[in-house]
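Working notes for the structure below.
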Amino acid sequence: MEAEANKQKEIMERLKLRIAGRSEKLGRPLTYCSLCFGCQMNAKDSEKLEGILETIGYVRTDSEDADFLIMNTCTVRENANLRVYGRLGQLKKYKKNNPDMLIALCGCMMQESLVVEKIKQSYPHVDIIFGTHNVFKLAELIEKKLDSKGMVIDIWEGTDEIVEDLPSDRKYDFKCGVNIMYGCNNFCSYCIVPYVRGRERSRKPEDILAEIKQLVADGVVEIMLLGQNVNSYGKTLEEPISFARLLEQVEEVEGLQRIRFMTSHPKDLSDELIRVMARSKKICNHLHLPMQSGSTKVLTDMNRHYTKEDYLTLVDKIRTAIPDISLTTDIIVGFPTETEKDFEDTLDVVKRVRFDSAFTFIYSKRTGTPAAKMEFQATGEEIKARFDRLLKEIQNIAKDTCGRDQGKIMEVLVEGLDEQDASLLTGRLSNNLLVHFPGAPELIGSFQRVKLTEAKGFYYIGELVS
Ligand code: 5AD
Ligand code: SF4
């Protein structure tokens, strides 16, 4: 899709002149504010959007009172949508003061036709709407908006196109996400992602490797391979390849030091992958393995294709091969068919596996998914009480599991200043836990040996070891 990338680059050149002209007239740079909700995929897409905006001459600001505001939305749970509508209401006043302000919406929520209808009706101050499949077109859509009146709307149902080689404004110099596949084919019955991100498409290994080599040449030492279900990577390529084999190739990239990946579906996690992880020197000591529920009945209703026992067996297999691996998970509480007994199965798995941490969610009904038609077996209050019980259990366990390395000296990648206390640095262990320790900002982006002096639940306090 080189032709498409070139077309977009030409448009960017034209916009650069227009924005420079406008900026000269105003006697100040034009600013952009980029808001991103949701998962790592969206974060990655936002870096691409920001790359385009920077290229055409906008300067970043954190203030929403900007000349260009873009909101990359998430729709995985209902409250994500509500937050967007709330924000949109507030933006009206900025636009009143600055009528040339442009407001763009993109991301998963825009792939739902009801949402777009609602925005057309109730939020006419929005200028540009696009979806998850055409992020690369931002410059073209801005140009179209500048040349026309009314809302510019461009939503694609799906795509086979993967447009590469456009600018990206990376959040960190030393670590970066790399898409290895787009979309999802699993259709878990509660999940809207397959409807808004389309069918599974894998990038070719040579394109992925070329991107990683370029990133490493630019100073990146840690990459996160991104996909909704990385374990099924490569199955639909003309020359099929497994995710494990891709990891082996990525491992060979000289200068790259850490490899992470997100997300793994338990049903597709192969023995080959466990072997590769156990052997690897670069793959981090962490696996995020969403279980969603511990009840075989609920898992069946969720269309997850594994049982409680399958999940426990898989965890055993992983821990036998990689004994000190950190395991994290996602759990949904209050799926429609979940009864008290089913919830107890979830608690049972949590107690047996002893996760390092878990993201817990109350089930949120997503219109159009099969689960939206299922009847609830519990009341809202019962579900909330289950959620609190689960959270307590997870926190109790995490206190022990996360603290197991207290007193050890371990390597951290220094990521930045501590948000609360700027005299401290924040670094990340291979197992994904954070460590806060005194040190100079020059160390940001480097690997350091740190003694983990005090376990604090989900993080450590440490000190540099010279
Ligand atoms: N309700 C609640 N949680 C959900 N997730 C996905 N869809 C829903 C939903 N409808 C959670 C799953 C998934 C994580 C990213 O979000 O746990 O792993
Ligand atoms: Fe949603 Fe399931 Fe696909 Fe994850 S694997 S994105 S939960 S459908």
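Counting starts at 1 for both ligands and their atoms, in listed order.
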request  = Using modelled atom types only, decide if a donor and an acceptor are shared between the side chain of Asn431 and the backbone of Leu433 within a distance under 3.5 Å.
outcome  = yes
ask   = In terms of the angle between their ring planes, are Trp156 and Phe136 parallel, tilted or perpendicular, with boundaries placed at 30° and 60°?
value = perpendicular
Proximal atoms of ligand 1 relative to Tyr363 (non-hydrogen, under 4.0 Å) = 1 (N), 2 (C)
key: Nearest protein heavy atom with distance in Å, relative to atom 7 (N) of ligand 1   = Tyr190 CD1, 3.3 Å
inquiry  = If you take the centroid of each ring, where Trp contributes its six-membered ring, are Phe187 and Tyr195 closer together than 6.0 Å?
reply    = yes
request  = Around atom 7 (S) of ligand 2, find the nearest protein heavy atom and jot down its residue, atom name and distance.
outcome  = Tyr190 OH, 3.3 Å
task = With heavy atoms of Arg77 as the reference, note each atom of ligand 1 found under 4.0 Å away.
result = 1 (N), 2 (C), 3 (N), 4 (C), 5 (N), 11 (C), 16 (O)
query = So which heavy atom in the protein is nearest atom 17 (O) of ligand 1, and how far is it from that ligand atom?
reply = Gln292 OE1, 2.6 Å
request  = Can you sort out the partners of Thr379 under side-chain hydrogen bond (donor to acceptor under 3.5 Å, both in side chains), two or more places apart, ordered by chain and number?
outcome  = Glu382
ask   = Would you call Lys281 and Glu252 a salt bridge, using N to O less than 4.0 angstrom?
value = no
message = Looking at Ser326 and His286, would you say the former's side chain and the latter's main chain have a donor-acceptor pair under 3.5 Å?
response = no
ask   = Ignoring waters, how many protein N/O/S atoms are under 2.8 Å from atom 3 (Fe) of ligand 2?
value = 1
ask   = So, for Tyr460 and His436, is the gap between ring centers shorter than 6.0 Å?
value = no
inquiry  = Taking the basic N atoms (NZ, or NE/NH1/NH2) and the acidic carboxylate oxygens, is any pair closer than 4.0 Å for Glu4 and Lys137?
reply    = no
query = Taking heavy atoms and a distance under 4.0 Å, where does Thr369 meet ligand 1: side chain, backbone, both or neither?
reply = neither
task = Please indicate whether Lys297 has more than 12 foreign heavy atoms, meaning atoms of other residues, nucleotides or ligands, lying under 6.0 Å from its NZ.
result = yes
task = Measure Arg197 to ligand 2 on non-hydrogen atoms and call it side chain, backbone, both or neither using the 4.0 Å cut-off.
result = neither
inquiry  = If we set the cut-off at 4.0 Å for heavy atoms, which region of Phe361 has an atom near ligand 1: side chain, backbone, both, or neither?
reply    = side chain
note = among protein heavy atoms, the one nearest atom 14 (C) of ligand 1 is Asp330 OD2, 3.5 Å
key: Ring-face cation contact, Phe361 with Arg77, 6.0 Å cut, 45° max   = yes
request  = Answer yes or no on whether Lys384 is positioned over the face of Phe387, meaning its NZ or CZ is under 6.0 Å from the six-membered ring centre and within 45° of the axis.
outcome  = no
task = Starting from atom 9 (C) of ligand 1, locate the nearest protein heavy atom and write down its residue, its atom name and how far away it is, to 0.1 Å.
result = Ser364 O, 3.6 Å
key: Sub-4.5 Å side-chain heavy-atom contact between Asp348 and Lys308   = yes
message = One residue to check: Lys365. Relative to ligand 1, which of side chain, backbone, both or neither has a non-hydrogen atom less than 4.0 Å away?
response = neither
inquiry  = Just by distance, no angles: are the side chains of Ser46 and Asn72 close enough, under 3.5 Å, to form a donor-acceptor pair?
reply    = yes
request  = Take every heavy atom of Ile362, measure it against each atom of ligand 1, and state whether any distance is under 4.0 Å.
outcome  = yes
request  = Mark up the atoms of ligand 1 that fall under 4.0 Å of a heavy atom belonging to Val76, in ascending order.
outcome  = 6 (C), 7 (N), 8 (C), 9 (C), 10 (N)
task = Below 4.0 angstrom from a heavy atom of Arg366, which ligand 1 atoms are there? Numbered from 1 as shown, please.
result = 10 (N)
request  = Would you mind running through ligand 1 and noting each atom that sits below 4.0 Å from a heavy atom of Ile332?
outcome  = 3 (N), 4 (C), 5 (N), 12 (C), 17 (O)
